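As the structure is a computational prediction, the values presented were derived from the model and not from experiment. Each chain gets a letter, A, B and so on, in the order the sequences are listed, and its residues count up from 1.
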There are 2 protein chains.
Amino acid sequence: MAATLADVAARAGVSSATVSRVLNGNYPVAEATRRRVTEALRELNYVVNGPARALAAATSEVLGVLVNDVSDPFFGVLASGIQREAAEADLLTMICHTAGSADDELRYMELLLRQRARAIVVTGGGPEDDGHRRRTADLVRQSVSRGTRVVFCGREAPPDSEAASVVFDNDGGAAALTRLLLAAGHRRIAYLTGPPHHTTSSARVAGARQALTEAGIDPDSCLWIRSGFSRAAGLEAGRELVRAGVDCTAVVAGNDLTASGVIASFRACGVRVPEDVSVAGFDDLPVAVDVVPELTTVRLPLRSGAVTAGRIATGARRTAPGAVVRMPAELRSRDSVAAPGGGLTGMAGRLRAH
Amino acid sequence: MAATLADVAARAGVSSATVSRVLNGNYPVAEATRRRVTEALRELNYVVNGPARALAAATSEVLGVLVNDVSDPFFGVLASGIQREAAEADLLTMICHTAGSADDELRYMELLLRQRARAIVVTGGGPEDDGHRRRTADLVRQSVSRGTRVVFCGREAPPDSEAASVVFDNDGGAAALTRLLLAAGHRRIAYLTGPPHHTTSSARVAGARQALTEAGIDPDSCLWIRSGFSRAAGLEAGRELVRAGVDCTAVVAGNDLTASGVIASFRACGVRVPEDVSVAGFDDLPVAVDVVPELTTVRLPLRSGAVTAGRIATGARRTAPGAVVRMPAELRSRDSVAAPGGGLTGMAGRLRAH
DNA sequence: CGAGGCTCAGTAAGCGCTTTCTACGAACCG
DNA sequence: CGGTTCGTAGAAAGCGCTTACTGAGCCTCG
């Protein structure tokens, strides 16, 4: 049913090699022949057989992107930036949703490896688990030995691996944010960390603790609350903070999504931001300026990080094996942080019934 | 470098056919042989060559999903539902981001076709453009003739095509929502439609107009404003409505994202929802209950629609060629709609400076 | 005018797998 | 004990493409 190169060749009165050459344009073909072939191609509605080409050429035209959550804008920005670069290199981007599961991450890496993907970009933070890291390192090794480039974006590649990484300065960003809060006079700060045992969460926590320590404040005098990276996690955490009447004048959310959730539940409880409590986010996602008040947050250059990762993956940018590109973080001071207000204490009574 | 079937066969002292049989388990192999092969497989770190297998077997293990926007939760829910079904059938899901561009949609369909994907699921509404529909129909025909199943989810397949469709009752949902508003006493309603010339937008507009007409109200006495399906579009539209001091007591947003944007800008302008103006959404995305007040909206069974589409795509559910599965819409009445209030007129003065 | 160079296109050898066909023992039967 | 059947595994023919390698014309030039 489907036309093959041979069919097209027969119709154009040439050999299949010539058709292939016309298709790929990497060998000279006389203009008249080219026209005849092009014609036949069109008449037969020819569509390249990707697998056959991949087999013969020992490579394919797909670039795989692993994301934790397709519906999270953080990954949306990353994925679309990488995709743009891939398109530039005529690669088809396959986005695979790992749902944050370490096992799925490995499974998808292996599947992409099977497909002989040209490159794999693993985005976002990952589990802080040596077993997982080792298995990842194994797959990276196999991928590289089979010619599949691997790039990590948002996390460092496993140690001693040949994969390049593009990392964001979560550490420094969190420190800067904490210093801003300190400078505004805040001392009792509640930190909502991201998911536990997760590289991104840990880096942010570490940065904040360091800034605190440098300012002569015992990090353990602050509140460290495990949360998630979703809006829902922020809603819940916010509600809990009010219910418990936690003694703090500022809340640092795990990211902007969480911050928007915190603000929403604060508002529902009559807590004013930033008058009563300041709230800060992280990432500077689009939502940061949609929210009222606009979020003080840390801008991560996601777009350009994604582009960089994409360029390394497509080979448009060459790096040494195991290279690490560090992207700076930048403070974005907006309306959600002000001088310390009355705090949350005593607000519990205002919690609306539900 | 990479081990092939032949390498494994040599090591296990069998033929490559036997190794293939062990791998696929579709032919009997003596237990002892199987063990030896399995061992060799492991020792050599064998990874199947996907393209070679796809070429020989004339099919592949990938299922492609086309989405308009990877960072929109509407598509996130759809994509993850489809993916779950795909995983069930041992297929690798590739999500392709078309950015809502009709051209990219075709390009990606073609790329998936090249890859001899097992199935393609096209999600979301699409352009109402006969040229596009014709070209889509062409690709569907080619796909089907090459054994790639095509399923549309959220839009009907082009006429006379063999592709199945899963569609949501946008029409009926919009009508029900309008009737709810009418019953609450609203007469001056502003409708923010989605993007123009888009099947989803049109269906929702049509449903609303019909309900209006049935109630003896001239649809043209309402305001129909072109907008988008994003939160940003809602923010902007909300701001404009206030600035223009539009005379209406209710706003029906294109979807929940837009509704949340409208509410945010209303709040920023001091317009109370629902006291001054009621606001309704569409889709019942997670954000609908995060927002304050919680959104009155139309629930679309996205998850189960996605699962259905996924099952048709994997072949787990058989349908007649061109079958259309209709998913019902259901009203979700919450807090953002109440009896008519003072409306927007005269609010323009309250618009905060920026 | 013949040797050497160029341009263009055909031949054919794979790429690594699946699968049909065939072959070989062993077990079984009359 | 010869013939049949069954279970198991090898041989080999592709799948549709890419890409050396080869060769046929034709032009150039000493």
For every nucleotide of nucleotides 23-28 of chain C, 5' to 3': is a protein heavy atom under 4.0 Å from its base (B), only from its sugar-phosphate (S), or from neither (-)? ------
Could you run through nucleotides 9-19 of chain C and give me one letter per nucleotide, 5' to 3': B if any protein heavy atom sits under 4.0 Å from the base, S if only the sugar-phosphate is that close, - if neither? BBB--BBBBBB
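Judged as a salt bridge (Lys or Arg N to Asp or Glu O under 4.0 Å), and not counting sequence neighbours, A:Glu162 has no contacts. Checked against salt bridge (Lys or Arg N to Asp or Glu O under 4.0 Å), A:Glu88 has no partners two or more places apart in sequence or in another chain. Residues satisfying the ring pair (Phe, Tyr, Trp, His ring centres under 6.0 Å) criterion with B:His97, sequence neighbours excluded, are absent altogether. In terms of the salt bridge (Lys or Arg N to Asp or Glu O under 4.0 Å) criterion, residue partners of A:Arg141 (sequence neighbours excluded) are, by chain and number, A:Asp138. When the side chain to side chain donor-acceptor pair (under 3.5 Å) test is applied to B:Ser20, the partners found at least two apart in sequence or on another chain are B:Asn24. Taking the salt bridge (Lys or Arg N to Asp or Glu O under 4.0 Å) definition, one finds that B:Arg149 meets it with nothing, sequence neighbours left out. With sequence neighbours excluded, no residue satisfies side chain to side chain donor-acceptor pair (under 3.5 Å) with A:Ser304.
Sequence neighbours left out, the pairs with a member in residues 9-28 of chain A that pass salt bridge (charged side-chain N to carboxylate O under 4.0 Å, His left out) are A:Arg11-A:Glu43. Each salt bridge (charged side-chain N to carboxylate O under 4.0 Å, His left out) pair with one or both residues in residues 303-315 of chain B, not counting sequence neighbours, appears once here: B:Glu85-B:Arg311.
Taken over five-pair windows at either terminus, the axes of the helix from C:dC1-D:dG30 to C:dG30-D:dC1 are inclined to one another by 50° (rounded to 10 degrees).
A salt bridge is absent between B:Glu110 and B:Arg107; no separation between the charged side-chain nitrogens and carboxylate oxygens falls under 4.0 Å.
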